[in-house]
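First up is the structure itself, then whatever we jot down about it.
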Amino acid sequence: MVAVSVGANLTGLCRAMVTQGLLSQEEGENLQAQSRSSGETFIAHLLRSRRFRADQIAAFASVTFGLPLFNLDALDPTVVPKGVADPKLMAKHRALAVAQRGNKLFVAISDPSNVKALDDIKFQTTLAVEALVVEDDKLGRWLESHGEATEESILKTIETEDLNLEFTDEETQNASDTAAAADIDDAPVVKYLQKMMLDAINSGASDIHFEPYEKNYRIRYRMDGVLYEVAQPPLAIKDKIASRIKVISKLDISEKRVPQDGRMKLVLSRNKAVDFRVSTLPTLYGEKIVMRILDSNAATMGIEKLGYEPDQLKLLLDAIQRPYGMVLVTGPTGSGKTVSLYSCLNILNQPGVNISTVEDPVEIQLPGINQVNVNDKAGLDFASAMKAFLRQDPDIIMVGEIRDHETGDIAIKAAQTGHMVLSTLHTNDAPATLTRLVNMGIPSYNVAASVLLITAQRLGRRLCNCKKPVDIPPEALLNAGFSEADLDGSWQAYGPGGCDTCKQTGYKGRVGIYQVMPITEEINRLILKNGTAIEIAEQARREGVLNLREAGLLKVKQGLTSLEEVLAVTNE
């Protein structure tokens with residue numbers, strides 16, 4: 001960097017960047033004038049212009065002003081000093097007190113040239129202030145999630161927002177009938193809860209976690225399979241939030257000692273509503289609540305978008321179009337089994353077909369399909385629902401999960417008597433599913449005669465458009481499962497980058513990784529001989545079936561995800 005002369009009208013960080021040649025005199029004047037007219041800080045306007053990243057600005061400020069560079073990601077919220085500085089003053093100056101040592105207060109700030117801010121904090125706290133330089137985007141996220149605020153100030157801020165959201169008529173009536181007795185008809189709390197739900201939907205989250213602890217209360221979103229903390233509202237409002245959620249989910253607000261399950265619908269507009277499945281759990285310091293966001297659009301977006309390879313998709317579509325038999329989808333919780341099944345049902349859902357499903361609970365609602373919720377208290381379990389289905393002249397039956405011998409036995413017999421049966425199991429891969437059915441007590445000859453195809457699946461995080469090429473040593477590629485022939489240099493591995501779209505994680509969305517195993521004559525022979533899962537897997541590989549690791553490595557070669565992600569989710 002070469003120092004240049006600058007005009008007297010430039011100040012602070014802008015002047016320093018022009019002096020060091022990072023900005024021209026004209027660029028500096030324009031950016032400074034625009035930031036002042038818009039009311040933004042200079043750094044915020046500089047980031048909006050996309051000339052520099054937040055980490056580049058922080059590194060420059062640290063070197064230029066001779067101050068330590070601090071990583072807010074390493075800061076523990078529980079050690080941040082509380083009540084030392086006025087929250088309004090810190091918010092005004094976009095600063096954060098990160099530690100106190102005797103009469104010295106360490107303050108994180110993205111623009112160390114803001115001398116007035118440091119002087120105001122020093123005057124208000126009567127402490128010696130030491131500045132630490134931090135990245136502006138991380139500081140903003142920290143202040144939003146962890147910033148000091150009273151219950152009153154948070155709720156007043158929320159109350160000013162017009163969310164234009166409402167719950168279904170039945171739930172609204174239920175809430176109004178119960179609110180007076182529960183003392184929860186608190187508009188700010190209602191709007192705060194609606195805001196968190198709306199933000200979760202807009203962020204593409206699959207779950208919202210409300211978690212009370214002894215000294216704090218946090219809210220986390222699960223996005224692309226990973227939990228991210230998004231807010232720490234005042235601990236004092238945890239009971240109000242819990243009560244509000246329970247009312248609109250038709251749960252017993254007076255019962256706090258046992259878990260409860262419910263459901264709600266949030267109306268976003270005349271044509272769009274989102275369903276939530278709600279689960280409460282008593283913990284040491286209050287009720288933890290998890291809200292699963294049920295997106296019916298996922299089942300109608302098209303099976304071709306789920307990530308099946310062309311040959312895998314053809315095998316699956318051929319199997320579900322058969323007049324009878326069983327197709328099984330297997331994988332751990334959260335691997336996308338329900339979306340895969342409903343994508344198949346959406347294809348099969350025609351006017352001339354009778355489709356019935358039984359689930360615990362129904363997650364995706366599709367018109368034209370008869371959907372039944374399991375109700376153990378009333379004696380309606382998977383087995384009894386299946387028996388009822390067989391008296392309802394069905395063509396296609398979907399069972400949410402085969403958990404026991406009775407359900408499995410009825411499903412197998414239904415598949416043998418002219419019905420197409422779709423279901424799920426919790427096994428690690430496709431070959432293990434066959435041995436699991438036999439271990440449940442279902443005769444191997446019935447399994448061999450009924451099962452047409454098994455799909456095992458995982459969900460990995462999809463690389464964002466900001467992905468960057470990475471060089472991986474050949475030894476690491478071979479250890480991961482690539483063959484020597486794969487190391488021909490015809491493809492490029494990518495890793496996560498980081499941008500505003502993916503919130504600096506490098507990943508945006510999910511990609512399916514599938515093992516699709518048709519039940520061939522040779523595999524049928526192994527089933528009848530009570531062959532092990534290992535023997536079935538070896539036969540499947542001889543027939544060209546990819547295991548989950550190999551299917552994941554194919555996604556790496558296609559540039560859809562990273563090698564680290566595949567290694568994490570396949571675990572072969």
Side-chain angles (χ1 to χ4, degrees), residues 75-80 82 141-142 144-152 154-155 158 167 171 174-175 178-179 181-186 188-201 203 205-264 266 274-294 332-334 360-361 363 374 376-377 426:
L75 182 60
D76 184 352
T78 61
V79 303
V80 173
K82 304 291 185 183
R141 289 196 293 271
W142 181 278
E144 182 178 345
S145 300
H146 307 282
E148 290 185 59
T150 63
E151 177 185 2
E152 181 182 4
I154 274 190
L155 296 181
I158 297 157
F167 295 92
E171 287 161 346
N174 186 32
T178 317
D183 191 26
I184 60 162
D185 193 11
D186 192 326
V189 170
V190 172
K191 290 196 173 185
Y192 182 59
L193 176 61
Q194 291 178 336
K195 181 179 184 301
M196 298 310 300
M197 294 164 69
L198 184 62
D199 287 348
I201 294 167
S203 300
S206 61
D207 301 85
I208 312 173
H209 291 239
F210 297 85
E211 302 171 315
Y213 297 97
E214 183 179 10
K215 296 182 179 178
N216 66 303
Y217 183 50
R218 72 176 177 182
I219 300 175
R220 295 192 290 175
Y221 294 164
R222 186 178 293 280
M223 295 183 288
D224 299 334
V226 180
L227 281 169
Y228 296 94
E229 185 173 314
V230 295
Q232 281 204 7
L235 190 61
I237 69 171
K238 66 181 178 68
D239 291 332
K240 291 182 178 181
I241 288 180
S243 296
R244 174 64 183 170
I245 293 174
K246 289 164 76 174
V247 164
I248 57 181
S249 305
K250 304 177 186 176
L251 302 179
D252 184 355
I253 63 172
S254 64
E255 181 56 78
K256 301 181 180 181
R257 300 165 298 174
V258 297
Q260 298 186 67
D261 294 304
R263 194 181 182 109
M264 71 168 75
L266 185 64
V274 177
D275 289 307
F276 291 80
R277 191 180 75 198
V278 179
S279 173
T280 71
L281 179 70
T283 67
L284 284 176
Y285 302 106
E287 289 181 285
K288 174 179 177 177
I289 298 177
V290 176
M291 303 174 69
R292 166 68 58 89
I293 301 173
L294 307 177
T333 301
D360 184 20
E363 293 191 7
V374 165
D376 290 324
K377 292 181 180 178
H426 288 285

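Basis for what follows: all heavy atoms, side chains included, without hydrogens, waters or symmetry-related copies.
In this structure, CD on Gln232 lies 10.5 Å from CD on Glu211, to the nearest 0.5 angstrom. The distance from the CE atom of Met197 to the CD1 atom of Ile293 is 8.0 Å, given to the nearest 0.5 Å. Remark: Met291 CE to Thr280 OG1 distance equals 12.0 Å, nearest 0.5 Å. Glu214 contributes atom CD, which lies 11.5 Å from atom OG1 of Thr283 (distance to the nearest 0.5 angstrom). Note that CD1 of Ile241 is 8.5 Å distant from CD1 of Ile289, once rounded to the nearest 0.5 Å. Rounded to the nearest 0.5 Å, atoms OH (Tyr217) and CG (Leu235) are 9.0 Å apart.
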From CA spacing to verdict: side-chain contact (heavy atoms from CB on, under 4.5 Å), Val278, Val290: CA-CA 6 Å; Val278 179; Val290 176; over 6 Å; no
Steps toward side-chain contact (heavy atoms from CB on, under 4.5 Å) verdict (Ile219, Met196): CA-CA 9 Å; Ile219 300 175; Met196 298 310 300; 3.9 Å; yes
Test salt bridge (charged side-chain N to carboxylate O under 4.0 Å, His left out) applied to Glu287 and Lys246, step by step: CA-CA 11 Å; Glu287 289 181 285; Lys246 289 164 76 174; 3.0 Å; yes
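For Tyr213, the side chain to side chain donor-acceptor pair (under 3.5 Å) partners are Arg218, not counting sequence neighbours.
Using a 4.5 Å cut-off on side-chain heavy atoms (C-beta onward), Ile248 and Leu193 make contact. Residues Tyr221 and Glu229 form no side-chain contact, since every pair of their non-hydrogen atoms from C-beta on lies 4.5 Å or further apart. Residues Pro259 and Ser279 fail the side-chain proximity criterion, which asks for heavy atoms closer than 4.5 Å. With contacts defined as side-chain heavy-atom distances shorter than 4.5 Å, the pair Ile245/Met264 qualifies. Residues Lys288 and Pro212 meet the side-chain proximity criterion, which asks for heavy atoms closer than 4.5 Å. When side chains are defined from C-beta on, Val226 does not count as touching Met223, because their heavy atoms never get closer than 4.5 Å. Taking the side chain as every heavy atom from C-beta outward, Tyr192 and Pro233 approach each other to under 4.5 Å. Considering only heavy atoms from C-beta on, Arg263 stays 4.5 Å or farther from Lys250 through its side chain.
Side-chain N or O atoms of Gln260 include one that pairs as donor or acceptor with a backbone N or O of Asp252 at under 3.5 Å.
When Arg220, Arg292, Arg277 are each tested for a salt bridge (charged side-chain N to carboxylate O under 4.0 Å, His left out) with Asp207, only one passes: Arg292.
Val274 and Leu294 make their closest contact through CG1-O, 4.2 Å (heavy atoms, listed as atom of the first residue, atom of the second, distance).
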